[in-house]
Structure formats: structure tokens, C-alpha cells
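All remarks here apply to the structure that follows.
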Amino acid sequence: MTGPLLQITESPPNQQLTVSVPAAGIALRGRIQVPGDKSISHRALMLGAIAQGETRIQGLLLGEDPRSTAQCFQSMGVTLSDLEDDWVIVKGVGLGHLQEPADVLDAGNSGTTLRLMLGLLASHPDRYFAVTGDSSLRSRPMGRVIKPLAEMGAKIWGRQNNTLAPLAIQGQALKPIHYHSPMASAQVKSCVLLAGLLTDGKTTVTEPSLSRDHSERMLQAFGADLTVDQPNRTVTVNGPATLTGQTVVVPGDISSAAFWLVGAAITPGSELVIENVGVNPTRTGILEALQAMNADITLENERLVTGEPVADLRVRYGPLTAATFSGDLIPRMIDEIPVLAVAALFAKGTTVIKDAAELRVKESDRLAVMASQLNQMGAHITELPDGLEISGGFSALEGAEVDSYTDHRVSMSLAIAALQAKGKTILRRAEAASISYPNFLDTLDQVCSL
Ligand code: S3P
């Protein structure tokens with residue numbers, strides 16, 4: 001892609017994006033759609049795979065991560081139609097009937113694929129599985145899911161005292177537990193619930209604050225006997241379950257919409273409508289955070305689509321003010337914090353983000369990487385052990401050479417920051433965006449008017 005604003009130098013696997021903003025600036029305008037929700041896409045593929053009968057999925061995210069999920073389940077005997085089709089058809093094998101794969105399962109860059117799948121593999125008796133991922137995933141903590149599964153009787157081996165992939169799993173009949181998770185993680189919660197599907201009796205998870213609840217909603221829709229005690233942040237699945245294939249319409253991903261919300265909120269003259277975005281309350285922390293900073297964001301056309309709340313989001317430029325974010329809000333916007341840090345640079349005052357140490361074990365150490373890369377562009381961000389302190393009040397950053405560290409959300413957050421930088425910004429390893437947002441740069445080109 002070559003234009004006045006964006007230039008891509010293709011040198012696979014390292015793609016360099018150059019953003020050159022004219023002195024007169026740009027504005028973000030138009031109506032856009034964002035790709036399908038990543039969390040819902042993974043779950044639709046997985047539940048479709050283990051249900052009886054056909055699951056029809058519309059709006060599946062075609063990013064690298066859900067492709068990893070699709071490939072893993074295909075290796076275990078699940079038939080999928082072409083992922084590029086408007087409706088993807090999953091022919092479920094029925095719970096307990098995943099085949100032993102002939103080779104190592106590769107979850108690529110995807111923590112959701114590996115952690116959720118582990119619950120299913122560990123509970124499939126008489127099958128042996130080996131799983132791995134890319135170098136980022138192989139350095140991410142797996143002990144958080146292996147611990148509860150081991151309490152259920154699972155047999156899992158891994159590097160570094162059974163905490164890192166590659167992992168080997170000898171499937172077992174498991175016993176039900178009540179797991180009090182030390183962290184608000186939907187991946188941990190979902191892993192244990194998926195293990196509970198094949199386990200006789202009640203498997204329960206209690207989490208310290210509410211994480212995304214897509215698994216709970218979808219498991220209920222597929223017919224699992226699952227109860228939610230929301231005030232006590234507790235979910236119980238009563239196994240063994242029988243799941244029946246369903247129709248899933250995947251809404252746009254609010255985590256992807258967040259880049260445009262911030263881009264328009266900080267760029268004078270901007271107004272965007274982002275259509276068909278999932279607004280599940282366990283995911284809308286970014287809307288609340290930006291609104292707390294006085295961003296002009298409104299929800300239009302609110303509706304429910306196959307069990308998930310959906311709306312069109314309208315965002316207009318307006319002056320922002322700093323705020324402090326911590327506590328229960330953090331898990332509800334965990335993936336949007338890198339781009340929220342970009343917004344904070346343009347807000348009046350100092351923004352503080354706390355209780356977000358989880359960001360250190362994402363696809364990269366997002367606290368360290370965002371602070372160092374934005375500081376290269378002239379920002380003043382101090383890393384805290386569990387967050388960031390961000391001095392605001394900028395009207396523009398300085399163009400610089402920055403790096404995505406192969407982290408998709410870092411890549412896109414830096415591209416949005418580059419729109420507000422004087423001169424030329426070079427973003428190395430920009431292709432990371434395709435993990436969750438394959439056509440991010442096309443949309444960037446489309447919405448930027450000079
Ligand atoms: C996800 C849960 C979150 C999130 C990730 C997707 C999911 O991770 O960061 O991108 O689909 O369950 P944690 O469970 O580790 O917080």
C-alpha cells in the first residue's frame with residue numbers, strides 16, 4: 001500500500017510501515033466495520049467442534065489466532081468449511097470424541113487457543129496430545145491453567161516445572177472441583193469450565209472480579225447445564241454435558257474498535273461510526289474509560305444478536321481530560337490499555353493506570369513496550385510495577401522509529417499514535433496486526449482524510 005500518508009515496505013516476514021503526517025494534519029471520518037470478535041470466534045469454533053451436529057458461524061474473525069484454533073481442531077477430526085465463506089460450517093464430533101492428533105498441535109501466537117483447548121484435551125480419556133506455539137506463546141505462563149486442571153486430576157507435563165509450552169497431555173476422566181481463581185482471567189475460567197463439560201458433577205469457578213463471559217453465554221446457548229451467580233462472580237457447569245450445534249453471528253470486536261475510538265477521539269475534525277460492535281458489559285471498560293476522560297462516544301442501534309449485545313458506536317473528536325483507572329474496570333478493558341495509553345497522551349493532566357500487571361504476560365510485556373516505544377516518540381510515560389503513569393497535554397508527538405515487538409495490539413496502538421506525530425514514523429514488524437485485525441491498514445487508509 002502506498003499513499004501520501006501510509007507506506008508499506010514488504011519484506012516478509014518483517015513489514016515496515018511508514019506514516020508521514022502532513023503539517024496540516026489529518027482527520028478520521030466515515031462509517032466502518034471492524035472484524036469479528038476474537039474471543040467469540042475462538043469459542044464458536046471450539047464449541048462447534050465438540051457439539052453434536054452442525055454449527056453455523058457468520059462473521060468469524062479471519063485473523064491468525066482463530067485460524068490456529070481451526071487448524072488444531074481439524075487435526076482432531078473436526079470438519080470445517082472454507083473459513084473465507086460467509087457462513088463457516090463446523091461439523092461437530094460430539095463431546096468426548098475429539099480424535100488423538102497424529103502430530104503436535106500448534107496454537108501459534110494464541111493464548112486463548114492453547115489455554116481453552118487444554119481444558120478439553122485434559123478431560124478426553126485415553127488420548128495423548130502435545131501442544132506448542134510460537135516463541136511468544138512458549139514464554140507465557142501456562143501454570144495458571146495447569147494448576148486447576150491438575151487439581152481435577154489432569155496429567156500435563158511442560159517445561160520449567162510444568163509451566164511453559166510445549167506441553168504433553170495424557171487425557172483422563174477428571175473430578176469436579178470448586179476453583180477459586182487468583183486472577184480475573186476468562187481464559188482460566190473458560191479452561192476449567194470446558195474441562196467440566198466431560199466431568200461428572202459440578203465444576204465451579206469463582207474469580208476475584210468479573211472477566212469476559214462469552215463462554216458462559218455460548219455454553220448456555222449450546223445447551224450446557226450452566227449457572228451463573230454474577231454477584232459472587234461464580235459459574236458452575238454440571239457435567240457431563242450434551243452440546244448441540246447452534247448458529248452464531250459474531251459481532252465486531254470492541255478491542256479492534258478501540259483503535260478507531262481513540263484515533264477519532266484525539267484527532268481534531270474527526271467523526272467515525274463503527275457499526276456492529278459487540279458491547280457485552282464485561283468488555284465495555286474502554287467505553288467507560290474514554291467517557292470518563294470526556295470522550296464524545298455514543299451508542300446507537302443497540303440490539304441483541306445470538307445472545308450478545310451489539311451496537312453502532314459514534315465517536316467525535318473533543319478535548320480529553322486525564323483520569324485514574326484501577327480495580328474491577330481493568331479486566332473489562334484489559335486488551336485496550338495499550339491504545340488507552342495513547343489517548344492519555346492527548347488528555348489534560350496525568351493519567352494513572354493501576355492493577356494491570358497482567359499486561360506484562362500478554363503477547364509482549366505491554367507495559368514496558370508501550371512505555372518505551374511511546375517515549376521514543378517524545379512521550380513521558382513512567383512504568384509502574386502494575387501500570388503506567390502517563391503525562392498528558394500533548395498536541396503532537398515526534399515521528400520516530402518504533403517496533404511492535406510482534407505484538408498485534410502494540411502494532412496498532414503505535415500506528416494510531418503515529419497519526420499524531422510530526423514528520424515520519426517508522427513502525428517495524430507492523431504485520432503483527434494480522435493476528436487479530438487482518439485489514440487494519442486498509443481501514444486506516446480508508447478513514448484518514450487529508
Ligand atoms: C481472552 C481473555 C483475556 C484477553 C485475551 C482473550 C479470552 O486474557 O486478554 O485477549 O478470549 O478469553 P486473560 O484471560 O489472560 O485475561
Side-chain angles (χ1 to χ4, degrees), residues 35-47 60-61 63-66 68-69 107-120 133 136-137 139-148 163 165 179 181-195 205 207-219 233 235 248 250-251 253-259 278 280 282-286 308 328-340 355-367 370 386 407-413 432-433 435-437:
D37 187 279
K38 181 157 79 67
S39 294
I40 297 176
S41 295
H42 283 299
R43 287 158 173 79
L45 288 168
M46 287 193 198
L47 296 197
L60 186 77
L61 169 64
E64 306 288 332
D65 273 11
S68 295
T69 294
N109 190 246
S110 175
T112 310
T113 305
L114 183 39
R115 294 198 180 111
L116 267 60
M117 193 168 66
L118 216 49
L120 292 174
S136 155
L137 190 57
S139 69
R140 295 179 65 189
M142 293 301 141
R144 56 180 58 194
V145 284
I146 294 173
K147 183 173 179 284
T163 59
Y179 187 59
S181 176
M183 63 199 76
S185 160
Q187 293 179 356
V188 172
K189 173 175 65 178
S190 304
C191 169
V192 176
L193 292 175
L194 291 179
V205 185
E207 51 185 348
S209 60
L210 199 58
S211 66
R212 64 194 66 191
D213 68 356
H214 305 300
S215 296
E216 294 90 307
R217 287 172 188 253
M218 207 183 286
L219 280 166
R233 303 164 315 282
V235 189
V248 182
V250 183
D253 198 327
I254 191 166
S255 299
S256 299
F259 301 107
N280 178 316
T282 60
R283 296 285 299 282
T284 47
I286 184 65
E308 289 279 350
D328 290 352
L329 183 64
I330 299 296
R332 297 198 299 115
M333 60 170 183
I334 192 73
D335 293 337
E336 293 72 72
I337 291 173
V339 79
L340 182 64
D355 302 327
E358 269 294 304
L359 291 192
R360 296 204 181 275
V361 290
K362 294 293 181 188
E363 287 81 333
S364 69
D365 177 342
R366 288 180 174 163
L367 297 178
M370 287 308 297
D386 64 342
D407 183 324
H408 54 128
R409 303 210 192 276
V410 170
S411 177
M412 293 183 274
S413 300
I435 293 288
S436 62
Y437 202 151

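Values below: all heavy atoms of this structure, side chains included; hydrogens, waters and symmetry mates excluded. Start at 1 and go down the list; that is how both ligands and their atoms are numbered.
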Practice item. Mark up the atoms of ligand 1 that fall under 4.0 Å of a heavy atom belonging to Ile334, in ascending order. Key: 9 (O)
Exercise for review: Output the list of atoms in ligand 1 that are nearer than 4.0 Å to some heavy atom of Ala186, sorted by atom number.
Suggested key: 12 (O), 14 (O)
Exercise for review: Could you pull out all residues at least two apart from Arg332 that satisfy side chain to side chain contact (heavy atoms under 4.5 Å, CB included)?
Suggested key: Thr284, Glu288, Leu329
Exercise for review: Give the atoms of ligand 1, by number and element, whose distance to some non-hydrogen atom of Asp335 is under 4.0 Å.
Suggested key: 4 (C), 5 (C), 9 (O), 10 (O)
Review point. Judged by atom type as modelled, is there a donor-acceptor pair below 3.5 Å linking the side chain of Asp386 to the main-chain atoms of Ala357?
Key: no
Check your understanding: Are His214 and Ser39 linked by a side-chain donor-acceptor pair shorter than 3.5 Å?
Key -> no
Review point. Under 3.5 Å, is there a donor-acceptor pair linking the side chains of Arg283 and Ser255?
Key: yes
Review point. Can Arg43 be said to touch ligand 1, with heavy atoms closer than 4.0 Å?
Key: yes
Practice item. Answer side chain, backbone, both or neither: which part of His42 comes under 4.0 Å from ligand 1, heavy atoms only. Key: neither
Check your understanding: Considering only protein heavy atoms, which is closest to atom 3 (C) of ligand 1, and at what distance to one decimal place?
Key -> Lys362 NZ, 3.9 Å
**Study point:** Whether Arg233 side chain and Glu207 backbone form a donor-acceptor pair below 3.5 Å
**Key:** yes
Review point. Can you tell me if Arg115 and Ser185 form a side-chain donor-acceptor pair at under 3.5 Å?
Key: no
Check your understanding: Counting only heavy atoms, which portion of Lys38 has something under 4.0 Å from ligand 1: side chain, backbone, both, or neither?
Key -> side chain
Check your understanding: Heavy-atom distance to atom 2 (C) of ligand 1: which of Glu358, His214, Gln187 wins?
Key -> Gln187
Exercise for review: Apply salt bridge (charged side-chain N to carboxylate O under 4.0 Å, His left out) to the pair Arg366 and Asp335, showing each step before the final yes or no.
Suggested key: CA-CA 10 Å; Arg366 288 180 174 163; Asp335 293 337; 3.7 Å; yes
Check your understanding: Where is the nearest protein heavy atom to atom 14 (O) of ligand 1: which residue, which atom, and how far?
Key -> Ser185 OG, 2.6 Å
